[in-house]
Amino acid sequence: MRLYSTLSGDREELDTGDGVGLYVCGVTPYDSAHVGHAMSLIVYDVLVRYLRWRGIQVRYVSNYTDVDDKLLERASQLERDPLELAAANIEQWEREQDALGLLAPDVRPRVTAEIEPIIETIERIIANDLAYVAESGDVYFRVQAKDDYGKLSHRNIDQLRQGTRFEPGDGKEFALDFALWKAQKSGEPAWPSPWGPGRPGWHIECTTMAQRYLGETFDVHGGGVDLVFPHHDNEVAQAEAASGRPFARIWMHNGMVQRNHEKMAKSTGNVVGVEEALERWGPDAIRLFVLNSHYHGPNNLTDDAMTAAMRAVERLATALREAADAPGAPLDAAGYRSRFIEAMEDDLATPQALAVLFDLARAINRGRDAGEPVAEAQATLQELAGVLGLRLDAPETATAQVSAAELSKLAASLDVSCGGTDVESTMEALLERRQAARQERDFALADRIRDGLGALGIAIEDTPDGARWSVKR
RNA sequence: GGCCACGUAGCCAAGCGGCAAGGCAGGGGUCUGCAAAACCCCGAUCACCGGUUCGAAUCCGGUCGUGGCCUCCA
């Protein structure tokens, strides 16, 4: 499999020989998650699913940075304990990750539980002369001592100095030096260290956790493109300074979710929360929206795009509807399977992989219309969709979304008597009454029943085997 | 100012030198009591200007435009 690496600026062959180690930067849980965070994890989730499906062992590590400046600031605004705030947000985010159909990483380290190893990493960097302790008790990375600093973002120190936001001070030797350890300020949570009480700087936690759980050198490090500089550049610098060895071989970066062509971020106030997105569009549509464009580029979230994604999900789900046993030669899905693999092998080309799924869906529908057995091809479609993390639940299983009371009211208003008041039996009675009306060619009544159900958000479709109902999305 | 992406049909979006995927929307048809679903048919001189090549959406240079990053960031 080839993956584009930001480090080399080119596609690299992923060595899957003795398994794959993957580290993905998770969120700083100072607030609830939005669709941008979901996109990021969906991309790496698909990578993991695909590799495992191909029989490759994957160790998937994704962290929570549960202590940092932003979190402390938010906690103080809310007058809450920062660690407790982080824990609460993580809990919510993990529930949402489940709802999004995201695989749980094998390891989900948290900074607050990794303080000792982080201190050890910093000590190694100091011992290698690439970091120093300031009078304040802060520890800084000595940027100028690392001659390839900035290689990930393809910048050098001179270019970076032109930025005006770097400020000397706090005992830094050089303006671009960044903190590995921050000495405690009043009221902040702190842990003991050789340099006095304090907490880790922003980048050191990922370096430490990645190396601890995946080794000094590992296969793939992922995250949003907005993390390339400084976060990932600093991770690289620290890791190499600590171990003297290369860090991640491949650096994978996903593009940003935009709204109105502007990055979705708390700071711009254009966020769509994961909770809201799940409610409005559901997990499959969110996933299809993300995978329909290449993970590299930006992805503009609009209501139209999401509506289209929901309809597209329905199209795939419809192709999985049970088909009657049929004579004839069964539809062979092997070609679709290999096209799917080819697409995925090429830098996780999910838009093309999806196109293969749609082509297969069309072939299934065509085969079914032609009276060919398609069950095997349907199983392949379900399997390949599963590799992308799409569930494709049949909409008719959504009984829980229907109000039994409203349904009973409708039945009563149409003089349809039913055996019970639950959704199942009321629906059955209504559909039977309608079927009888159709046979008596009383289409007015049949249409009244269909329209009444339609008003409740239930769609009726007539098939040779009787009527089928589903919840409209 | 610097670094990095990108500009393809009404909308979303593939494409990595050899006749322009896929989805949504729209139009026509088949099927249906009518619908729905499904199936068939219909749509692009690839931002603009030069260059390289037998051949360019694809490579090179320039122009215009959009987005991301330059110590909050998925």
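Numbers restart at 1 for each chain; the letters A, B, ... are given by sequence-line order, proteins then strands. All values below come from the heavy atoms of this structure, side chains included, with hydrogens, waters and symmetry mates left out.
- Within 4.0 Å of A:Asp346, counting heavy atoms only, lies no atom of the nucleic acid at all.
- Note on A:Leu41: nothing from the nucleic acid sits closer than 4.0 angstrom, heavy atoms only.
- With hydrogens and angles ignored, the 3.5 Å screen pairs a side-chain donor or acceptor of A:Arg259 with a backbone N or O of A:Leu301.
- For A:Arg155, taking side-chain heavy atoms from C-beta onward, the closest of the listed nucleotides B:C3, B:A37, B:A74 is B:C3.
- Between B:C12, B:A14, B:A38, one nucleotide has an atom nearer to the side chain of A:Ala305 than all others, and that is B:C12.
- Counting distance only, with no hydrogens placed and no angle test, the side-chain atoms of A:Asp447 and the base atoms of B:G33 include a donor-acceptor pair under 3.5 Å.
- Among the atoms of the strands shown, none is found under 4.0 Å from any heavy atom of A:Val228.
- In the displayed structure, A:Glu188 atom CD is contacted under 6.0 Å by more than 12 heavy atoms of other residues, nucleotides or ligands.
- To the nearest angstrom, P of B:A74 lies 7 Å from CH2 of A:Trp202.
- Spacing between B:C60 and B:G67 at atom P, rounded to whole Å, works out to 24 Å.
- As judged by a 4.0 angstrom heavy-atom cut-off over every strand, A:Arg311 is placed among residues touching the sugar-phosphate backbone only.
- For A:Asn292, the listed nucleotide lying nearest its side chain is B:C12; candidates were B:C12, B:C70, B:G33.
- In A:Glu13, the CD atom is crowded: over 12 heavy atoms of neighbouring residues, nucleotides or ligands sit closer than 6.0 Å.
- Between the side chain of A:Thr463 and the backbone N or O of A:Gly466, at least one donor-acceptor pair lies under 3.5 Å.
- When each of B:A74, B:C34, B:C4 is scored by its nearest atom to the side-chain atoms of A:Val257, the top-ranked nucleotide is B:A74.
- Distances shown here put a side-chain N or O of A:Gln352 below 4.0 Å from the OP1 or OP2 atom of B:G15.
- Comparing the same atom, P, in B:G51 and in B:C12 gives a spacing of 32 Å after rounding to whole Å.
- At a cut-off of 3.5 angstrom, the base of B:A36 holds no donor-acceptor pair with the side chain of A:Arg450.
- Both A:Lys263 and A:Arg434 sit near RNA chain B, but only A:Arg434 has its closest nucleotide nearer the 5' end.
- Among the atoms of the strands shown, none is found under 4.0 Å from any heavy atom of A:Val43.
- Distance check: A:Leu100 CG to A:Leu41 CG gives 8.5 Å after rounding to the nearest 0.5 Å.
- An aromatic stacking contact links A:Phe443 with the base of B:G33, defined here by ring centres under 5.5 Å apart and ring planes under 30° from parallel.
- Closest to the side chain of A:Arg321, out of B:C69, B:A13, B:A37, is B:A37.
- Using a 4.0 Å heavy-atom cutoff across all strands shown, A:Asn254 reaches at least one base atom of the nucleic acid.
- The base of B:C34 sits within donor-acceptor range of the side chain of A:Asp462, with an N or O pair under 3.5 Å.
- The residue A:Arg368 sits apart from the nucleic acid: no heavy atom pair falls under 4.0 Å.
- OP1 or OP2 of B:C39 has at least one side-chain nitrogen or oxygen of A:Arg315 nearer than 4.0 Å.
- Checked against B:C39, B:A74, B:A13, the side chain of A:Leu227 finds its nearest nucleotide in B:A74.
- OP1 or OP2 of B:C40 sits under 4.0 Å from a side-chain N or O of A:Arg366.
- Across all strands shown, A:Gly26 has heavy atoms under 4.0 Å from sugar-phosphate atoms exclusively, and none from any base.
- When distances run from any side-chain atom of A:Phe229 to the nucleotides B:G68, B:G23, B:C70, the shortest one goes to B:C70.
- Between A:Phe218 and A:Phe247, the distance from one ring center to the other falls under 6.0 angstrom.
- Closest to the side chain of A:Arg11, from the set B:C16, B:A74, B:C3, is B:C16.
- A:Ala312 comes within 4.0 angstrom of the backbone, heavy atoms only, and of no base.
- Nucleic acid contact for A:His261: sugar-phosphate only, since backbone atoms but no base atoms lie under 4.0 Å from a heavy atom of the residue.
- Proximity of the aromatic rings of A:His232 and A:His203 is defined here by a centroid distance below 6.0 angstrom, and this criterion is not met.
- Residue-level contact check: A:His203 touches neither bases nor backbone, having no heavy atom under 4.0 Å from any strand.
- Counting only heavy atoms from C-beta on, A:Pro351 has its side chain closest to B:A21 among B:C34, B:A74, B:A21.
- Contact between the side-chain N/O atoms of A:Arg2 and the OP1/OP2 oxygens of B:C16 is not found at any separation under 4.0 Å.
- Looking at heavy-atom distances under 4.0 Å, A:Gln258 makes contact with sugar-phosphate atoms alone, never a base.
- A:Arg2 has a carboxylate O that lies under 4.0 Å from a charged side-chain N of A:Asp346, or vice versa, which qualifies the two as a salt bridge.
- With P as the reference atom, B:G15 and B:A21 are 13 Å apart, rounded to whole Å.
- Residue contacts shown for A:Gly36 include a base, since a base heavy atom lies under 4.0 Å away.
- Along RNA chain B, the nucleotide nearest to A:Thr307 and the one nearest to A:Asp177 differ in position, and the one closer to the 5' end is contacted by A:Thr307.
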